[in-house]
Peer 1: 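Supplied in structure tokens, the structure appears directly below.
Labels below follow one simple rule: chain letters A, B, ... track the order of the sequence lines, proteins then strands, and each chain is numbered from 1.
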2 protein chains.
Amino acid sequence: MTDIKTASTNFANKQALAEECPEAYASNILGGQWTLVICSWLLEGKLRFSELKKRLPNITERMLSLQLRKLEDNKMISRTVYPEVPPRVEYELTTIGYELKPIIKALEDWGSRHKATMEEA
Amino acid sequence: MTDIKTASTNFANKQALAEECPEAYASNILGGQWTLVICSWLLEGKLRFSELKKRLPNITERMLSLQLRKLEDNKMISRTVYPEVPPRVEYELTTIGYELKPIIKALEDWGSRHKATMEEA
DNA sequence: GTCATTACTTACATTTTATATAGTACATTA
DNA sequence: TAATGTACTATATAAAATGTAAGTAATGAC
């Protein structure tokens, strides 16, 4: 997440796949460990950094910060800084970010069904 | 993918998240670099190892093997070995695997729209 | 007996992602 | 003047995912 090597095979593979397969492209954006959960919380409305942190009990500030920045770079969320002290920063889904909603719901649904399938065995 | 340390914080975090959030659970299953693309190909019908390899030009045999095994462990695909020489092995989506179809389609759709959004800037 | 074919596996190296811990900046409050 | 709260950043380290290169097993064709 910090410094990726654009000369690596891995990077090239990701790029190539993302260009050919929109589902791989989407996966690159949504694949982070906390990404979908953050988006899921933001579906309910904008939240401050500290509010997100509270909802993601085990995340470190660094990870939250990195994931938010990645989401912002991908235009999934917007970031609003209020000129106050102590600082206040709000994160909110953009239009394209919000359009993930049905997919997240479908994933939650499928996930639950999958879990049930696994427990059958 | 090979040896994960069940005592790590990372492992604990993933477990905890997966239990609470079905979307994180789903993401753990689908998050591999090639996973969705493999599933996408299998949506069109069962394929042999070598046929998959042909469709994923840059994947190494090791990665394909690992991803297929993970998918199999997660009951996403079934593996049929024909007692022939040289060997023939077919991979096919299971019921729960096939139920990913609408999600993959939705992701492809959303991915394309997202790409368009990014190119606007 | 050597070669070809297929579906792998193994050992190792590298890259990417995640965690741990400790800072920083700023204005208000005490 | 020192302490407080918020949203971070910096550096180090650990873990996970991916890639490289070389093997293996089995048997039918030559």
Side-chain angles (χ1 to χ4, degrees), chain A residues 1-17 24 27-38 46-54 56-72 77 79-91, chain B residues 1-17 24 27-38 46-54 56-72 77 79-91:
Chain A
M1 184 136 266
T2 25
D3 52 327
I4 69 167
K5 310 204 171 175
T6 54
S8 71
T9 305
N10 186 262
F11 182 81
N13 281 348
K14 269 192 188 155
Q15 290 283 106
L17 258 189
S27 179
N28 284 346
I29 294 175
L30 307 173
Q33 173 149 211
W34 307 89
T35 313
L36 280 181
V37 184
I38 291 172
K46 56 182 157 187
L47 290 171
R48 300 178 59 173
F49 188 88
S50 55
E51 293 171 323
L52 277 167
K53 205 179 124 187
K54 213 177 299 170
L56 272 29
N58 296 322
I59 202 171
T60 61
E61 301 195 334
R62 174 178 146 82
M63 277 317 290
L64 181 51
S65 191
L66 285 174
Q67 302 269 4
L68 287 172
R69 185 154 55 203
K70 184 181 168 194
L71 282 169
E72 198 192 350
I77 60 177
R79 178 170 179 271
T80 311
V81 184
Y82 294 88
E84 302 172 5
V85 169
R88 179 160 63 99
V89 181
E90 286 185 344
Y91 295 93
Chain B
M1 184 138 263
T2 23
D3 52 329
I4 69 167
K5 311 204 171 175
T6 55
S8 71
T9 306
N10 185 259
F11 182 81
N13 281 348
K14 269 192 188 154
Q15 291 281 107
L17 259 189
S27 180
N28 284 345
I29 294 175
L30 307 173
Q33 173 148 213
W34 307 89
T35 312
L36 280 181
V37 183
I38 291 173
K46 57 181 156 187
L47 289 171
R48 301 178 58 171
F49 188 87
S50 56
E51 292 171 324
L52 277 167
K53 204 178 126 187
K54 212 177 299 170
L56 272 29
N58 296 322
I59 202 170
T60 61
E61 299 194 335
R62 170 180 148 83
M63 279 317 292
L64 182 50
S65 192
L66 285 175
Q67 302 269 8
L68 287 171
R69 185 154 55 202
K70 185 181 167 194
L71 282 169
E72 198 192 350
I77 60 177
R79 177 169 178 273
T80 311
V81 185
Y82 294 87
E84 303 172 4
V85 169
R88 179 160 63 101
V89 180
E90 286 185 343
Y91 294 94

Peer 1: For a quick test of reading the model: is some side-chain N or O of B/Thr9 closer than 4.0 Å to OP1 or OP2 of C/dA20?
Peer 2: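 Checking B/Thr9 against C/dA20: at least one side-chain N or O falls below 4.0 Å of OP1 or OP2.
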Peer 1: Taking CG from A/Asn13 and P from D/dA17, how many angstroms apart are they, rounded to a whole number?
Peer 2: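 Going from CG in A/Asn13 over to P in D/dA17 covers 17 Å.
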Peer 1: OP1, OP2 of C/dT21 versus side-chain N and O of A/Thr60: anything below 4.0 Å?
Peer 2: no
Peer 1: If you assign each of B/Thr6 and A/Val85 to its closest nucleotide in DNA chain D, which residue comes earlier from the 5' end?
Peer 2: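 So the residue in question is A/Val85.
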Peer 1: Would one find a side-chain N or O of A/Arg48 under 4.0 angstrom from OP1 or OP2 of D/dT6?
Peer 2: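 For D/dT6, neither OP1 nor OP2 has a side-chain N or O of A/Arg48 closer than 4.0 Å.
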Peer 1: Please report the distance, rounded to the nearest Å, between CZ in B/Arg62 and P in C/dT10.
Peer 2: 10 Å
Peer 1: Do any side-chain nitrogens or oxygens of A/Arg69 fall under 4.0 Å of OP1 or OP2 in D/dT9?
Peer 2: yes
Peer 1: If you compare every side-chain N and O of B/Ser65 against the phosphate oxygens of C/dT9 (OP1, OP2), does one of them come in below 4.0 Å?
Peer 2: yes
Peer 1: Considering just the side-chain nitrogens and oxygens of B/Ser8, establish if one lies under 4.0 Å of OP1 or OP2 belonging to D/dA14.
Peer 2: no
Peer 1: May I ask you to say what A/Tyr82 touches in the nucleic acid, namely base, sugar-phosphate or nothing, with a heavy-atom cut-off under 4.0 Å?
Peer 2: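 Here A/Tyr82 touches no strand at all.
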Peer 1: So, is B/Gln67 near the phosphate of D/dT18, with a side-chain N or O under 4.0 Å from OP1 or OP2?
Peer 2: yes
Peer 1: What is the distance, rounded to the nearest whole Å, between atom CZ of B/Phe49 and atom C1' of D/dT24?
Peer 2: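 Going from B/Phe49 (CZ) to D/dT24 (C1'), I get 14 Å.
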Peer 1: Figure out the CD/C1' separation between A/Glu84 and C/dC26, and round it to whole Å.
Peer 2: 12 Å
Peer 1: Assuming nearest nucleotide by heavy-atom distance, tell me which of A/Gly31 and B/Val89 is located more 5' along DNA chain C.
Peer 2: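 The residue closer to the strand's 5' end, by nearest nucleotide, is B/Val89.
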Peer 1: Might you point out which heavy atoms bring B/Phe11 and B/Thr6 nearest each other, and give the distance in Å?
Peer 2: CD2-O, 3.4 Å
Peer 1: Between atom CG of B/Asn58 and atom CD of A/Gln15, what is the distance when rounded to the nearest 0.5 Å?
Peer 2: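 If we round to the nearest 0.5 Å, B/Asn58:CG and A/Gln15:CD are 12.5 Å apart.
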Peer 1: Please pick, from D/dT18, C/dA18, C/dT15, the nucleotide with the shortest atom-to-atom distance to any side-chain atom of A/Lys5.
Peer 2: C/dT15
Peer 1: Over how many whole Å does the gap from A/Arg88 atom CZ to C/dT28 atom P extend?
Peer 2: 15 Å
Peer 1: How would you label the contact of B/Gln33 with the nucleic acid (heavy atoms, under 4.0 Å): base, sugar-phosphate, or nothing?
Peer 2: sugar-phosphate
Peer 1: Where do A/Ile38 and A/Tyr91 land on the side chain to side chain contact (heavy atoms under 4.5 Å, CB included) test, with the steps shown first?
Peer 2: CA-CA 10 Å; A/Ile38 291 172; A/Tyr91 295 93; over 6 Å; no
Peer 1: How far does CZ of B/Arg88 sit from OG1 of B/Thr80, to the nearest 0.5 angstrom?
Peer 2: 9.5 Å
Peer 1: Taking atom P of C/dT9 as reference, at what distance in whole Å does atom CG of B/Leu64 sit?
Peer 2: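 Distance check: B/Leu64 CG to C/dT9 P gives 11 Å.
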Peer 1: Under 4.0 Å: is that the gap between some side-chain N or O of A/Lys14 and OP1 or OP2 of C/dT17?
Peer 2: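 Looking at the OP1 and OP2 atoms of C/dT17, one of them is under 4.0 Å from a side-chain N or O of A/Lys14.
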Peer 1: Send over the distance from B/Met63 CE to D/dT18 P, rounded to a whole Å.
Peer 2: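 From B/Met63 CE to D/dT18 P: 4 Å.
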Peer 1: On the nucleotide C/dT14, are OP1 or OP2 found under 4.0 Å from the side-chain N or O atoms that A/Asn10 carries?
Peer 2: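 Checking C/dT14 against A/Asn10, no side-chain N or O comes under 4.0 Å of OP1 or OP2.
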Peer 1: Could you tell me which non-hydrogen atom of A/Thr35 sits nearest to which non-hydrogen atom of A/Leu30, and how far apart they are?
Peer 2: CB-O, 3.6 Å
Peer 1: Does any part of the side chain of B/Trp34, heavy atoms only, come nearer than 4.5 Å to the side chain of B/Leu68, both counted from C-beta?
Peer 2: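 B/Leu68 does not reach B/Trp34 side chain to side chain.
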Peer 1: Expressed in angstrom and rounded to an integer, what is the separation of B/Ile59 atom CD1 from D/dA21 atom C1'?
Peer 2: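 Atom CD1 in B/Ile59 sits about 17 Å away from atom C1' in D/dA21.
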